[in-house]
Amino acid sequence: MGIAAEAVGAGRWLCFVVLEVYGSRSVMSIAVEAVDAGRWLCFVVLALWVRGNYYMSINQPGAGSHWRRTTGQEVYSPLLLAFTHEKSEDWKASHITKATAMDPNYSLPLNVALITLEELEDNSVLLRLAHLYEADEDADYSKLVNIELKKMFAGKTITEVKEMSLSANQEKSEMKRLTWKVKGDSGGEPAPVRGGPVDSSALIVELSPMEIRTFLLKF
């Protein structure tokens, strides 16, 4: 903690208090002024300094968005390691130590992020996929993209696919969209492109730029 005080005028003082906790700094400025005999007026202002990292890349015109999206995923959504106390022999006896659910010759497209993959209480699986790019943001990646569910879950047979709302609390087919009237909007803008329905036999999910789709899968 650091404290600095300075007289800024007759009967007026300005005090700075700096606190540093876990790498972040908070700065508190306190202004004290005498208003008359025996009376003081105090002003307190609190500011926060945050220490972080800056990432910079120099790219050819039009190529920066690919670096920004890819690096952003690596920085903000990294793989996390978790540790626990466990006997190695017991754990290996009850778990498969080497396995993959995805076809080893298949990987998600570079413009797609796996947002959610969660097994629910009824043994169904909640799957949420997102397109990382905006329309016209990148010449190669701002396009419709296909995700093959059969190859994502190569070791299982998908028996049912239901598309859900973004929060997964109702089926998308049951949603009732509201149409808003915006003052001054002539309605001349084209409707955004959206991925088509999932064919029950091909099991291919189509994503358009900036689209997020949520599904419940049963095996």
When you measure from the side chain of [X] to the backbone N and O of [Y], does any donor-acceptor pair fall under 3.5 Å?
{"X": "Ser124", "Y": "Lys218", "value": "no"}
{"X": "Arg69", "Y": "Leu132", "value": "yes"}
{"X": "Arg213", "Y": "Glu206", "value": "yes"}
{"X": "Arg128", "Y": "Leu166", "value": "yes"}
{"X": "Tyr141", "Y": "Ser65", "value": "no"}
{"X": "Thr70", "Y": "His66", "value": "yes"}
{"X": "Thr214", "Y": "Met164", "value": "no"}
{"X": "Lys172", "Y": "Phe215", "value": "no"}
{"X": "Glu74", "Y": "Thr71", "value": "no"}

Exercise for review: Salt-bridge test for Lys162 and Glu174: reply yes if a basic N is under 4.0 Å from a carboxylate O, no otherwise.
Suggested key: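 Looking at Glu174 together with Lys162, the answer is no, because their closest N to O distance does not fall below 4.0 Å.
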Exercise for review: State whether Arg68 and Glu137 are salt-bridged, where the test is any N-O pair (Lys NZ or Arg NE/NH1/NH2 against Asp/Glu carboxylate O) under 4.0 Å.
Suggested key: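 Counted as a salt bridge, because a side-chain N and a carboxylate O are separated by less than 4.0 Å.
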Check your understanding: Of all heavy-atom pairs between Pro209 and Ala135, which one has the smallest distance, and what is that distance?
Key ->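 Answer, listing the atom of Pro209 first, then Ala135: CB-N, 3.5 Å.
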Practice item. Determine the minimum heavy-atom distance between Ala154 and Asp103, stating which atoms define it. Key: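 Closest approach of Ala154 to Asp103, heavy atoms only: CB-N, 3.7 Å.
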